[in-house]
Amino acid sequence: MTNIAFWNTHKNLLIDNALAELVCENEIDILGLCEYSGDINKFVLRDDIRMQYKVVKRIAGDKYAAIIYNSDRVSHKRLFNDSERYSIHEFWLEGQTFILVFVHLPSKLYNDNVHSCSIQAQMIVHDIQCCEKKSCNQRTAIIGDFNMDPYEEPLLYCENFHAYPDKRDTVTARTFQGAQFKSFYNPMWALFGDRVCPPGTYYYYKSGEAPQWHIFDQVIMRYEITKYFDADSLRIVTGTSNYYFADNHGRPDKEHFSDHFPIIFSIGG
Amino acid sequence: MSDSMWAKLEKRPVERKPEDIIKEQCEIINDQYSGLISARIRRMDKSLSEYTRAPMASMMETASLLATSRTIDSMLGETDNDKSITYELIITAPRIPSYMYRILFLQHGLAAYPTYLYVEHAISVEFANPLQSPEKIDTERDFLDILTSILSSDRVRDVLSRIISYDET
């Protein structure tokens, strides 16, 4: 199995110890980060990281975004494109090529230059489709901080991410107004509510507004990946052996770690 | 016979299309950095769409839609038909196979202007008044001014410099 993790680390300069433990305890093969203020080239050389990690070289990526991978188990074949908000990569893992897209979409809370989330989603999906043609495969997953919940329109609309909670709805493309739209499966829907703790990856309280808990950090995937996806592996992580990422209320401890919890999932088999 | 009631006509210069202006700039940089950078403007086969429908109020509303046979997309709302032609300005590099960096999208209708630009946030914030998404441009003169600022921005210069300096090892 290939273990993949993503964490928005809130520009915490002191996150490296917890991050190293997260990576080692969960045997992470590919790690995506955003709002990472550390030196990722130094991080991969830490003595307490047993695996051999390499840093994915990027060109136009945001300086606070980083991706590392366990070079003993996976290989990074090519960078298709990158920009401030996302990057599209081809990885070799589990004996096949996969397209992994890492995103950090604009926050609605702090974005004072009104970028349409819908337009952003369309750009990303357009680029993904081009890359899928180049790669001749549609084993594509998008991982990252979407800064929106699974039920928000840019994640649902057919011209946007078009991500459904039931993978059976993602088998074939939908036809809408004469055009075909492929879709994604969004397994994050299964993590809503309090049957699974925590009930989200991000907590935001504003008086009078619901739902307070949000699942901003997500993975969505093409149907072609679902047969490799271990649904039981998908989790929102609240800590490691020595570090607890939540505060006394069970919410992300942004003072000591981050305002987001990391997510982990596995594909393979 | 009565006097002419027509206004005096004047022959006005035809405004250049924004994609033609960009194409000229692509040729300039391609000549300058031949073999290292390939800039081109290409037409996209689909438009980017923005919808005027108000956002869904809550998860409850979404959940109820998913539970029925109605499709969410039937509630998309109106789109703007003044943006039916879409181009993208992209940078590729012969030394970095398959890689592409997009500087901007532009859209317009049958008339070249107004034209609408979508640029990366990292570029737009360099402007004294950050560009909107989309940024509406009404004349060729305005387009020339904005394009100059975009192509000479720190962000574009930084990315292109990284591309020409890229070393796979």
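We name chains A, B, ... by the order of the sequence lines, and we start the count at 1 in each one.
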Colleague: Is there side-chain contact between A:W213 and A:Y203, with heavy atoms separated by less than 4.5 Å?
Modeller: yes
Colleague: Looking at A:K134, A:E90, A:E84, which has the largest count of heavy-atom pairs under 4.5 Å with chain B?
Modeller: A:E84
Colleague: Applying side chain to side chain contact (heavy atoms under 4.5 Å, CB included), can you list everything that pairs with B:D138, at least two apart in sequence or on another chain?
Modeller: B:P114, B:K136
Colleague: Can you list the residues that meet the side chain to side chain contact (heavy atoms under 4.5 Å, CB included) rule with A:V125, with sequence neighbours excluded?
Modeller: A:Q129, A:F161
Colleague: Which members of residues 21-41 of chain B, sorted by number, sit under 4.5 angstrom from chain A on a heavy-atom basis?
Modeller: none
Colleague: Quick one: which residue pairs count as a salt bridge (charged side-chain N to carboxylate O under 4.0 Å, His left out) with a foot in residues 175-197 of chain A, not counting sequence neighbours?
Modeller: A:K182-A:E224
Colleague: Would you kindly say whether A:E35 and A:T9 are connected by a side-chain donor-acceptor distance under 3.5 Å?
Modeller: no
Colleague: In terms of heavy-atom contacts, does OH of A:Y223 have more than 12 from other residues, nucleotides or ligands at under 6.0 Å?
Modeller: no
